Each structure stands twice: as C-alpha cells, then as structure tokens.
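These numbers were taken from a predicted model, which means no experiment stands behind them. Below, chains carry the letters A, B, ... as their sequence lines are ordered, and counting in each starts from 1.
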Amino acid sequence: MPRAYNAADVERRIYQNWLDKDYFHAVPHTGQQPYVIIMPPPNVTGELHLGHALEKALEDALIRYRRMTGVPTLWLPGTDHAGIATQWVVERQLIDEGTSRHDIGREAFVRRVWEHVEKSGGIIHEQSRRLGISADWERHKFTLDDGPSNAVRTTFVSLYEKGLIYRHERIINRCVRCATALSDLEVDYDDVDGQLYHIRYPLEDEPDRCVTVATTRPETMLGDTGVAVHPDDPRYDGIRGRNVVLPIMGRVIPVVGDEAIDPEFGTGALKVTPAHDPVDFEVGQRHRLDAPNVIGEDGAMTRVAGKYAGVERFEARRRVVEELDSLGVLDKVEAHRHSVGHCQRCATVVEPLISMQWFVNIGSHEQPDSIAGKAYRAVTEGDIRIVPERFTRVYLNWLENIRDWCISRQLWWGHRIPVWYCDSCGHMTVAMADPDTCEACRSTGIRQDPDVLDTWFSSGLWPHSTLGWPGDTDDFDYFYPTTVLETGYDILFFWVARMIMLGIENTGKPPFNTVYLHGLIRDGSGAKMSKTRGNTMDPLDLVEKYGTDALRFALTTGTAPGNDLRFTENRLEAGRNYANKIWNASRFVISQLEGVQSSPGNASATHPDAPTAHPELVEGWSDVTPEHREDRWIISRLDRVTADVNRSLESFELGDAQQRLHEFIWNDYCDWYIEMAKIRLRNGGEPSPLPTLAHVLERILRLLHPFMPFITEEIWQTLKSELPQENISSHGELVEPPESIMLAPYPVSNGRIDPAAEEEIALVQQAVRAVRNTRAQLRIPAAQRLEALVEANGQRAAIEDEADVIRALSRIEPLNIVSGDDATRHSGESGSLRGVTLVVSPLVVRLPLEGVVDLDAEGERLRAELADCDKNLERVEKLVSNPNFREKARPDVVENEEARLAELRDRQQRLHEILQQLGR
RNA sequence: GGGUGGUUAGCUCAGAUGGUUAGAGCACCUGCUUUACACGCAGGGGGUCGCAGGUUCGAGUCCUGCACCGCCCACCA
C-alpha cells in the first residue's frame with residue numbers, strides 16, 4: 001500500500017472499474033421486494049452544486065446499504081428539460097448574438113435549444129459520476145424522451161377525458177419578461193418599499209364630494225370598474241349604490257359594498273381593478289363588474305388605457321401619478337412596505353392579468369375522489385410516510401388550501417399541449433395522436449395550441465413515467481411503487497406533492513412509501529448559497545482537493561434529516577483526516593498480515609477445506625471466535641456499533657450512523673485496540689491478534705462503505721488479497737469472496753456482546769488514563785519509566801493478563817501487582833511506596849514519586865477527589881434509597897444506579913484508607 | 001395573520017421511547033521525531049442546555065407562557 005492515499009486517482013480508477021463491471025445495473029426479477037429510488041432529475045443545463053452532492057450522497061448511501069443487504073435495488077437517474085430555465089439560457093445566447101427567439105421563429109428556436117442540450121446536457125451527470133454514485137445509468141431518462149413524453153400526453157388526455165383538465169379565462173400571474181403564465185408556486189413574494197397613493201374619486205351626482213381610495217399601483221386605476229367599501233362601514237353610509245367618476249378616464253363606476261374589504265386599511269375604500277388583482281377579480285365577479293385588461297401581456301398599457309396605450313407599466317405609473325396630481329385628485333402619498341410577487345426564475349415583478357389558460361382541477365382535500373382528496377389520504381392513512389415527520393403537517397396544510405393548478409406556459413421549450421382548435425367549428429380536439437382533421441367537423445383547418453405544459457407536470461409523473469408507464473413493462477410491474485423519494489424540502493409542493501397527486505391518479509397507487517427530505521446547504525454564516533451572492537462552492541473543486549469520501553462525510557455526518565447545514569471547509573478537513581486515519585490504520589494492519597503469508601497445507605487445522613490460507617486468518621472474513629480478552633472486547637464493541645449503525649440506517653438517521661462509526665473506528669479500534677495489538681505482536685503474545693485485527697477492519701470497511709465508498713473499496717481489495725480466497729459463510733460452507741466490497745453483505749451484529757471483557761478492558765483503560773494524567777500534570781517526561789504497584793482487589797487475573805498493555809501504554813516499569821485488600825495492607829507491601837496514589841475502583845495504583853510531589857500536595861489532591869466522591873455518593877444514595885425511584889424506574893436503571901453506588905462506596909472507602917495511611 | 005423549526009462548550013452542531021458526572025468536530029492550552037497516521041498521539045480547560053412556571057422519584061428531553069432568530073404559507077388594496 002502506498003504511504004499516502006491519493007483520493008482523486010483512486011476514486012477515478014475505482015469508479016471506472018465499477019462501471020466496467022456493470023455493478024449498478026438493476027435486473028427486474030420476482031420473488032423479492034426491491035428497493036427503488038428515482039433520482040430527482042436535475043435541470044438539463046444545470047451545473048452540479050453542493051445541494052446535488054448532498055442529495056446524491058444520501059441516496060447513494062441508502063442504495064449501497066440496501067444493495068449490500070442483498071435486496072434488489074434500483075436507483076434511476078434522469079434529467080429534466082426545465083422549461084423556463086432552459087429556454088431562458090438559450091434566449092440569452094440569442095440576445096448576445098443580437099437576435100431573438102421571435103426573430104428566428106419557433107421551429108428554429110426549438111432546434112437551437114436541442115443543440116444546446118445535446119452539447120451541454122450531459123455535463124451534470126458526468127459531474128455526478130465523480131461523486132461515485134451507483135445509479136443505473138442504462139436506465140437514464142430525459143423528460144422529453146419518447147417514453148416520458150408519451151406518459152405526459154397520456155396523462156393530459158386521460159385527465160381531460162375525466163374532466164379534470166379544463167381551459168378557462170382566469171386571473172393568473174404573468175411574467176412579462178419570460179412572456180408566460182406562472183403557477184402560484186412559481187411566484188416569490190418579497191417585501192418592498194413602495195408608496196400608498198390616496199386618490200379622490202368624485203361622486204357622479206355630487207362632484208364636490210369624493211370617495212378616496214388607497215392604492216400601491218395607481219396605473220391600474222385606468223382599469224377600475226368599481227369602488228368597494230365594507231357593507232357596514234358607517235363612513236360610506238349613503239354612498240354605497242351611488243356612482244363615482246373615474247379621474248382621467250371619465251368613466252362612471254359604481255360604489256359597492258363587499259365583505260372582503262378591511263375598513264381598517266387605508267381609507268376603507270378599495271378601487272376595484274378586476275383584471276389586475278386577484279382580490280379585485282373576485283369582488284368584480286360578485287358585483288358583475290367589467291374586467292378590462294389595461295396592462296398587456298408584454299407589460300405595456302393596452303389600448304383600453306386610452307392615451308397611455310403602449311406605455312410601459314412603471315412609466316405609466318409615474319405619468320398617471322403626475323396627471324392625478326395636476327388634476328388635484330391626488331390626496332396624499334405615504335411610504336408603504338408591502339409584498340410584491342416576483343418571477344421565481346428572473347425576479348421580474350409579476351403582473352396579474354386575465355387570460356385563457358389550462359388548469360388541472362385539484363379539488364378539495366375534503367372531496368374523497370378529488371386529486372387533492374386522494375393525495376391527502378395517502379399521507380393521513382399512512383401509505384406515504386414523510387421523514388422527518390414535521391413536514392407531514394406542512395404537506396397537509398398546503399393541500400387544505402390548494403387551488404387549481406395552471407399548467408399552460410407560453411413557452412416553446414417543453415411538452416406541447418395536445419389540443420387542436422378548429423378554425424371552422426371551434427371544436428377542441430384532444431388526442432393522443434396528432435390529428436389531421438377536426439374530430440367534430442372533419443375540417444383540416446385546425447391549429448395546435450401553441451402553449452407547452454408546466455415542467456412540473458412531466459416531473460410529476462416521474463416515478464411511473466421513467467419505468468415505462470403507460471406501457472405494461474417489466475420495470476413498471478416490478479419496481480413500482482418505488483420505495484423512497486429523497487429530495488430537498490424546498491420542492492415538497494412543486495414536485496413531491498405533484499408526484500403523489502398524479503401518481504395516484506394515473507396508477508391508483510402512491511408513487512413511493514417514504515418521502516425523505518434533506519435540508520438546505522448554507523454557507524458558514526447561514527446564508528443560502530447562490531451564484532449572485534458569490535458564496536457557492538464547486539463540489540468538483542472540493543472533490544479534487546479533499547476527495548469524494550471526505551466531501552460525503554462532510555455533507556452527511558452529524559446532521560439530522562430536514563435540517564439545514566452550515567457548510568464550511570473545516571468539515572471537509574475533518575473528512576479528509578478521517579480518511580487518512582483509516583488509510584493508515586489499514587496500512588498498519590495489512591503490513592502485519594503480509595508477514596504471515598499463507599502457507600499451503602497448514603490451514604486444515606482450522607478448516608479442512610481451506611488449503612491455501614493461513615490458519616489464523618481463515619476466519620477473518622466471516623466470524624472469529626476470540627479468546628483473548630482484548631479480542632473479545634473489540635468484538636463486543638464491534639457488534640454493538642454494528643447493531644447501532646444498522647438501526648440508524650433503517651430509520652434514515654444517516655448522520656447518527658456516521659458519527660457512531662467514526663467514534664468506534666477512531667477511539668476503540670485505532671486508539672486502543674491497535675495499540676494493544678501492537679504490544680501482543682511485539683511480545684509474541686498468544687493467541688495472535690491478527691485474525692481479530694483483520695476481521696474488525698474488514699467489517700469496519702463494509703460498515704463504512706455506503707458513506708465512503710471509494711477508500712473502503714480500495715483498502716478492501718488490498719485486504720482481500722492478504723486474506724484467504726475462500727470465505728466461510730455463516731452456514732459453514734466455503735464461498736468465493738465477492739469481487740467488490742459493494743457486493744459484499746452488510747454486516748449485522750453477531751451478538752458477541754461480552755460484558756465481562758468490556759468491564760475489564762474499561763478498567764485497564766481507566767488505569768492507563770489515570771497514570772498518563774498524573775504524568776502529564778507532574779510533567780514527567782514520556783521517556784522516563786515509572787515504577788508502579790497495582791492492588792488488584794479482585795481483578796488480579798485481568799490485571800496480570802493485561803500487564804503488558806498497562807506497562808506499555810502508561811510507560812510503567814516495573815509493574816508490581818499485588819492482590820490487595822487485607823493481605824496487602826497487613827503484609828506492608830504497599831506501605832513502602834510513597835508518592836501518588838490513584839484510585840480506579842476497585843484498583844489502587846501507587847506511583848512512588850517521592851521528591852516529585854510532597855505529602856501535602858498529594859493529601860490535598862486526594863481530599864479533593866474524596867470531596868467529589870462524597871458529593872456524587874450523596875446524590876446516588878438519595879436516589880437509590882428513594883422508594884418512589886425503586887418502584888417506578890425501569891429495573892435496568894435501578895440496577896445501574898446500584899452498581900454505581902457500590903462503586904462510589906468502594907472508591908470512598910479506599911480514599912479514606914489512603915488518606916489515613918498518608919497520615920493526613 | 002396562520003403554521004413551523006431553532007435557541008446546548010469560543011464556532012458549527014449531535015443528543016429514539018424522560019434515567020450514569022450533557023457529547024462530537026473545529027478552535028484553545030500543555031507535552032510528544034512512541035517504528036500506521038503531526039491530516040497524528042497523550043493530557044487539559046471550557047456549558048446555570050434562551051427565560052419563567054408546571055408535571056415527575058428524576059427534565060436538555062414532556063406541558064404552558066414569554067423573548068429573540070429563521071423558514072413556509074396567506075387575496076396587507
């Protein structure tokens with residue numbers, strides 16, 4: 001093994017090998033429930049960012065874990081055509097070239113987008129591969145592929161035929177920059193500082209009296225068709241039902257009473273512009289007011305706006321205000337902060353206006369057969385579980401207030417709406433296959449609807465459209481419904497909810513069992529990462545610098561599901577250091593194995609059918625039956641961590657699993673077990689620690705593989721070459737070890753918990769720590785050997801067995817062991833040693849440090865320790881003697897406390913005795 | 001306005017079903033060319049778990065209220 005681990009080179013080589021061996025490809029077969037994740041399809045022109053890296057790290061870990069447990073897994077990657085986003089990228093290119101999409105026309109434009117997609121569309125998945133993800137690339141799907149496109153059209157036609165898709169004139173949000181309608185979700189509301197303009201509208205029959213309205217958008221007054229006040233507002237008694245004259249326009253409009261009006265706001269009078277405000281639209285409908293569009297789809301005033309026709313909307317605002325002022329009807333202008341909708345894609349202020357659009361009838365969650373109702377029940381009835389659970393409420397609340405979904409977009413890039421209008425009879429032909437004639441009058445004069453569908457309409461079908469639906473395919477049969485949908489909580493409504501709605505509508509089944517939501521990546525100060533802020537980090541740079549495994553560790557360790565993550569470079573350093581640690585520990589273990597090359601013939605002692613293996617290593621793959629206390633201890637610890645990690649993975653607590661594993665590998669295995677093993681190896685102690693050393697390392701690698709796939713594979717392959725080429729399965733027969741760690745079984749706990757070994761080794765560790773601590777505090781150089789006397793006090797066997805370890809790790813020489821208790825004291829053995837006395841109940845360790853510490857100082861230290869002990873003892877005594885506690889606490893808790901009490905009493909007594917001996 | 005999350009060591013965060021003396025990484029201090037690793041080893045300091053009540057033998061964990069910070073939703077003209 002090379003001395004240093006070169007992550008980047010190793011990772012590239014290993015990934016290519018995995019691809020060559022075709023390990024990621026899933027084969028449908030019956031018999032076993034598969035584990036399926038459909039990857040959230042990134043935008044085709046998008047670039048890989050840390051959010052993707054997090055998402056893929058989590059999904060890959062889930063998939064690799066299941067694959068190793070022997071479950072058939074499918075992780076299906078894909079790409080989204082991303083209507084507005086992609087169209088805008090290409091439009092910008094055209095602008096740079098001095099032309100526009102309108103100049104070159106629809107056909108040429110779409111061709112141009114395809115060219116762009118073909119050139120740059122694969123980049124994000126090329127980048128993804130660098131992250132080591134084990135997705136089934138052969139099944140990759142693009143939303144505009146024939147299959148998914150067919151699913152889109154099938155869904156549209158079917159929903160239309162069920163009456164769940166309809167075309168209607170409604171007030172919708174329009175982005176004048178993108179030149180398309182937006183759904184409610186695609187509008188971001190931000191508070192902005194604006195003005196509230198108070199305008200006087202004179203009464204028609206009493207021009208000296210006015211109704212003053214307040215508005216933030218005075219230009220819309222050109223389209224006013226009424227004024228509304230609250231029905232009970234006394235200020236407007238006698239005015240309701242009369243008419244006012246709209247300034248500038250001179251139009252006579254009514255004053256109506258409407259419950260929706262808040263008398264507290266402004267003057268209590270609302271100017272009603274039904275075409276340009278959702279509230280006004282509803283008021284207008286209730287009172288049958290006209291709804292003229294005064295602002296056009298291009299953002300300029302329309303002909304209806306009279307002399308302002310053609311003026312851009314914000315310019316119109318300035319000029320209207322000026323004119324109102326000069327007419328003397330501008331009462332006052334106040335500063336006013338209010339929320340304004342912006343286009344999610346380009347941040348342009350959206351314009352609500354009335355237009356003809358296609359909608360999906362979502363219905364209400366209270367109607368059992370509506371789309372909303374079914375999507376609602378899928379979650380309330382537990383068919384779909386959301387992790388973390390708190391997002392369940394968020395999801396349900398959203399459905400409770402849902403409105404119909406505007407799905408038509410005035411774009412050219414996307415799935416064209418499969419509807420044809422007849423020029424002669426006006427009939428709408430909605431069809432799977434492109435028709436030549438009107439289905440009603442057979443006229444050939446038909447035109448297809450120019451609009452395309454909302455991108456989320458096709459992504460909403462993703463779990464079934466990628467598996468071949470509506471075809472009756474093996475993949476669909478076997479892999480649908482999928483298992484886990486993993487994504488960021490920010491697209492819960494956009495995507496997750498839509499998949500649930502459309503999945504159930506199309507297939508009758510919820511598209512997945514579990515929704516696992518991860519949090520957002522933020523920068524070190526908690527700000528959202530974005531290009532405009534300039535606080536982004538390129539995952540590929542990080543991977544080159546620290547390695548993929550380190551990046552994955554940094555993204556997923558110690559985080560809880562659904563929680564945002566403040567990402568800083570020192571997380572990456574920690575990941576890199578961890579990888580380095582594992583590399584070096586493995587290098588040590590493997591170098592030791594190299595010394596005991598397998599020798600033909602002598603393996604039969606351990607297993608009759610293992611002819612080429614070194615007897616001590618035969619068991620390394622599957623199980624060892626440790627005899628030595630240290631081996632029993634590390635195996636016991638291993639089985640505990642194995643159980644914990646499995647449990648955490650089952651419950652999606654990936655951060656927990658990583659933390660637990662990290663702690664075991666670093667502390668138990670590296671800091672203690674390897675150090676203890678070194679001593680046994682050096683001294684030729686029996687039995688050799690090598691089988692256990694190898695066994696635990698091999699299990700560690702497998703346990704860690706889902707999280708850090710590359711370094712574990714690299715080491716595992718080397719380790720494998722040092723271990724026998726046959727593996728004894730738990731059933732006793734020989735099997736070939738798998739080709740790759742990713743095909744090896746995920747470890748399960750063998751239940752080799754050994755409380756005695758754990759206790760005894762813990763005692764040894766405490767004794768070693770106590771001595772080290774003393775050395776550090778008294779500044780005794782590491783090189784200086786110290787003599788010590790240990791009173792074993794009932795632990796003589798363990799202490800004698802571990803004497804070498806204690807000697808080496810605490811640099812004691814010689815180490816004298818006495819039985820302790822009465823025998824010791826009476827024989828005077830201990831009395832000869834004056835210095836520091838350490839109580840590690842039940843052990844007493846005496847260090848002869850006369851001249852280094854004086855008796856006063858030592859007495860002082862011991863009294864402080866005793867005081868601390870007394871304090872704890874008092875608390876525990878109180879607790880244990882409380883009848884309520886004994887009665888109500890769990891038995892194991894009571895047992896623990898009693899053991900603790902006994903230990904504290906032992907310690908207290910020993911401290912007393914030592915102080916007595918000291919004569920203080 | 002309605003939801004919802006957070007408030008734990010200097011910083012970033014973990015802390016299933018209430019139960020040892022509250023943990024990790026980083027930072028900090030002191031030693032260390034210990035033959036796997038200085039991307040390391042050993043030792044150490046540092047927290048009234050936001051505030052106030054309550055339930056309980058026992059509360060970081062459960063309940064109520066409050067205070068900040070954040071996020072989501074909503075038709076604040």
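- With its glycosidic angle within 90° of 0, B:A16 adopts the syn conformation.
- In this structure, B:C49 makes no Watson-Crick or G-U wobble pair, since no nucleotide meets both defining distances under 3.5 angstrom.
- At a cut-off of 3.5 Å, with distance as the only test, no side-chain donor of A:Thr212 or A:Asp331 sits close to an acceptor on the other residue.
- As judged by a 4.0 angstrom heavy-atom cut-off over every strand, A:Ala574 is placed among residues touching the sugar-phosphate backbone only.
- Across all strands shown, A:Ala269 has heavy atoms under 4.0 Å from base atoms, whether or not it also approaches the sugar-phosphate.
- If you take atom P in B:U61 and the same atom in B:U55, they sit 15 Å apart, rounded to whole Å.
- Using modelled atom types, one finds a donor on one side chain and an acceptor on the other under 3.5 Å when comparing A:Asn584 with A:Asn580.
- Counting heavy atoms from C-beta on, the side chains of A:Met1 and A:Trp583 come closer than 4.5 Å.
- Within the 4.0 angstrom heavy-atom criterion, base atoms lie near A:Asp262.
- Within 4.0 Å of A:Leu492, counting heavy atoms only, lies no atom of the nucleic acid at all.
- Pair check for B:G60 finds none; no Watson-Crick or G-U wobble contact set falls under 3.5 Å.
- Among the heavy atoms of the strands lying under 4.0 Å from A:Glu675 is at least one base atom, whether or not backbone atoms are also near.
- Residue-to-nucleotide proximity on RNA chain B shows that, of A:Thr559 and A:Asp671, the 5′-proximal contact is made by A:Thr559.
- A:Lys678 comes within contact range of at least one nucleobase, with a heavy-atom separation under 4.0 Å.
- For A:Arg779, no side-chain nitrogen or oxygen approaches OP1 or OP2 of B:U30 to under 4.0 Å.
- When heavy atoms are screened at a 4.0 angstrom cut-off, A:Thr216 is found touching the sugar-phosphate backbone but no base atom.
- With a cut-off of 3.5 Å on both Watson-Crick or G-U wobble distances, the partner of B:A67 is given as B:U7.
- For B:G1, the paired base is B:C73 (Watson-Crick or G-U wobble, both distances below 3.5 Å).
- As judged by a 4.0 angstrom heavy-atom cut-off over every strand, A:Asn401 is placed among residues making no nucleic acid contact.
- One finds no side-chain N or O of A:Trp398 lying less than 4.0 angstrom from the OP1 or OP2 phosphate oxygen of B:G2.
- When Watson-Crick and G-U wobble pairs are counted only if both distances are under 3.5 Å, B:G23 pairs with B:C13.
- Residue A:Asn563 is classed as a sugar-phosphate contact, given heavy-atom separations below 4.0 Å to backbone atoms only.
- Nucleic acid contact for A:Arg3: sugar-phosphate only, since backbone atoms but no base atoms lie under 4.0 Å from a heavy atom of the residue.
- With B:A77, B:C41, B:A42 as the candidates, the nucleotide lying closest to the side chain of A:Arg772 is B:A42.
- No side-chain donor from either of A:Gln195 and A:Thr216 sits under 3.5 Å from a side-chain acceptor of the other.
- Applying the salt bridge (Lys or Arg N to Asp or Glu O under 4.0 Å) rule to A:Lys678 yields the partners A:Glu675; only residues at least two apart in sequence or on another chain are considered.
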